[in-house]
Amino acid sequence: MRVAYEHSPLAFMAIKVTIVSLGLTLLCLHRNMQLSQRAIQAGAALYVVIDVYHLAFLAHMCHRGIG
């Protein structure tokens with residue numbers, strides 16, 4: 001991923017989104033399996049944590065007057 005980012009931040013984001021989308025597609029195709037259901041739940045929880053972190057960081061930056 002470092003190589004992709006050094007080449008282009010846009011390429012980095014495209015590759016990152018593609019990899020996550022392919023993984024989610026694979027999990028959804030096998031959603032009847034208990035392991036896939038757990039992985040989807042864990043992924044959703046992880047994204048909630050990341051979103052809360054980003055929102056807290058944004059609030060902190062706005063409070064400091066940066067951004």
Side-chain angles (χ1 to χ4, degrees):
M1 294 305 291
R2 183 186 67 202
V3 173
Y5 186 80
E6 289 174 354
H7 175 70
S8 164
L10 184 59
F12 168 79
M13 288 302 297
I15 291 169
K16 182 178 172 182
V17 168
T18 300
I19 290 171
V20 171
S21 296
L22 289 174
L24 184 57
T25 299
L26 183 63
L27 288 172
C28 286
L29 288 173
H30 298 285
R31 67 183 170 271
N32 293 330
M33 297 175 60
Q34 187 174 2
L35 184 59
S36 292
Q37 292 172 1
R38 298 280 187 224
I40 291 169
Q41 292 168 352
L46 180 61
Y47 269 96
V48 167
V49 170
I50 291 169
D51 286 344
V52 169
Y53 173 77
H54 285 158
L55 290 172
F57 182 73
L58 180 62
H60 174 72
M61 296 302 282
C62 289
H63 178 72
R64 291 187 52 156
I66 303 171

Give a yes or no on whether Gln41 atom CD has more than 12 heavy-atom contacts from other residues, nucleotides or ligands under 6.0 Å away.
yes

Could you walk me through whether Leu24 and Cys28 pass side chain to side chain contact (heavy atoms under 4.5 Å, CB included), step by step?
CA-CA 6 Å; Leu24 184 57; Cys28 286; 4.1 Å; yes

With Tyr47, which residues qualify under ring pair (Phe, Tyr, Trp, His ring centres under 6.0 Å), at least two apart?
none

CG of Leu58 to CG of Asp51: how many Å apart, nearest 0.5 Å?
12.0 Å

Rounded distance (nearest 0.5 Å) linking atom CG of Leu26 with atom OG of Ser21
12.5 Å

What class does the angle between the rings of His60 and Phe57 fall in, given that below 30° is parallel, 30 to 60° is tilted and above 60° is perpendicular?
tilted

To the nearest 0.5 Å, how far apart are CD in Gln37 and CG in Leu27?
10.5 Å

Got a second to check how far Leu35's CG is from Ile40's CD1, nearest 0.5 Å?
10.0 Å

In chain order, what residues pass the ring pair (Phe, Tyr, Trp, His ring centres under 6.0 Å) check against Phe12, with sequence neighbours excluded?
Tyr5

To the nearest 0.5 angstrom, please state how far the OG atom of Ser36 sits from the CG atom of Leu29.
9.0 Å

